[in-house]
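Basis for what follows: all heavy atoms, side chains included, without hydrogens, waters or symmetry-related copies. Just so it is clear, the model here is predicted, and its values are computed rather than measured. The residues of the chain are indexed from 1 along the displayed sequence.
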Amino acid sequence: MTPAPGHTVFDTPIGACGIGWTAIGVRTVRLPEGSPTQTTARLLRWYPDLPAAAPPAAIASVISDIRALLTGASTDLSRVELDLTDVPAFEQRVYAAARAIPPGEFVTYGELADRLGEPGAARAVGRALGRNPVPIIVPCHRVLAAGGRTGGFSAPGGVSTKMRMLAIEGATLF
């Protein structure tokens, strides 16, 4: 039986995150917006077709894994099924490459572009990660700018959220 689409908000060590799913897989993860109500509002702004629902077992397992990762456990989220049906092919390639970066490690935008066989596409990689609909599962926080700079982070809290997530994972920066 395939699960009906839905969304829920759940507590984590960094605040209330949201997750939305379809029968295909996880469609979105929302980082904390300040309150559970604000997180829900942001999720529904982008995905109004995902009604509030109790998570099916597979999604409950993903939520448990996200919580574990955000407490410092070296949790592998690469097995999580995603619904990226509306995501352009290049962005899907970027997300697949980013998912291969283990917790506690990081690469630069240029290195990720090189891994894709797209040298010189660091800015395109950055734009794709800025539109990442499933942060944490696609760990865009593990991608930094060249030269010891953090680069941007489009989630609430910006770069400070990125750095907090890297610190939780035990990343040693430069």
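Among residues two or more places apart in sequence or in another chain, the side-chain hydrogen bond (donor to acceptor under 3.5 Å, both in side chains) test is passed with D83 by T22, T85. Checked against side-chain hydrogen bond (donor to acceptor under 3.5 Å, both in side chains), R93 has the following partners two or more places apart in sequence or in another chain: E118. In terms of the salt bridge (charged side-chain N to carboxylate O under 4.0 Å, His left out) criterion, D76 has no residue partners (sequence neighbours excluded). Residues that satisfy the side-chain contact (heavy atoms from CB on, under 4.5 Å) test with R67, not counting sequence neighbours, are F10, T12, I63. Applying the salt bridge (charged side-chain N to carboxylate O under 4.0 Å, His left out) rule to D65 yields the partners R79; only residues at least two apart in sequence or on another chain are considered. Partners of A41 according to the side-chain contact (heavy atoms from CB on, under 4.5 Å) rule, which considers only residues two or more places apart in sequence or in another chain, do not exist here. Applying the salt bridge (charged side-chain N to carboxylate O under 4.0 Å, His left out) criterion to R45, with sequence neighbours excluded, gives no partner residue. Qualifying side-chain contact (heavy atoms from CB on, under 4.5 Å) partners for A68, counting only residues two or more places apart in sequence or in other chains: A73, T75. For P56, the side-chain contact (heavy atoms from CB on, under 4.5 Å) test picks out P3, W21, I59, with sequence neighbours left out. Listed by chain and residue number, nothing satisfies the side-chain hydrogen bond (donor to acceptor under 3.5 Å, both in side chains) test with S160 (two or more places apart in sequence, or in another chain).
Distance check, rounded to the nearest 0.5 Å: CD of E111 to CG of L116 gives 12.0 Å. Here M165 contributes atom CE and K162 contributes atom NZ; the two are 10.5 Å apart, rounded to the nearest 0.5 Å.
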Only pairs under 3.5 Å count here: list side-chain donor-acceptor contacts from residues 94-104, not counting sequence neighbours, and write none if there are none.
residue	atom	partner	partner atom	Å
Y95	OH	A128	O	2.7
Y95	OH	N132	N	3.4
R99	NH1	V80	O	3.4
R99	NH2	L77	O	2.8
R99	NH2	S78	O	3.2
R99	NH2	V80	O	2.8

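Among pairs with a residue in residues 14-25, none fulfils salt bridge (charged side-chain N to carboxylate O under 4.0 Å, His left out), at least two apart in sequence or across chains.
At least one donor-acceptor pair under 3.5 Å links the side chain of Q92 to the backbone N or O of L84.
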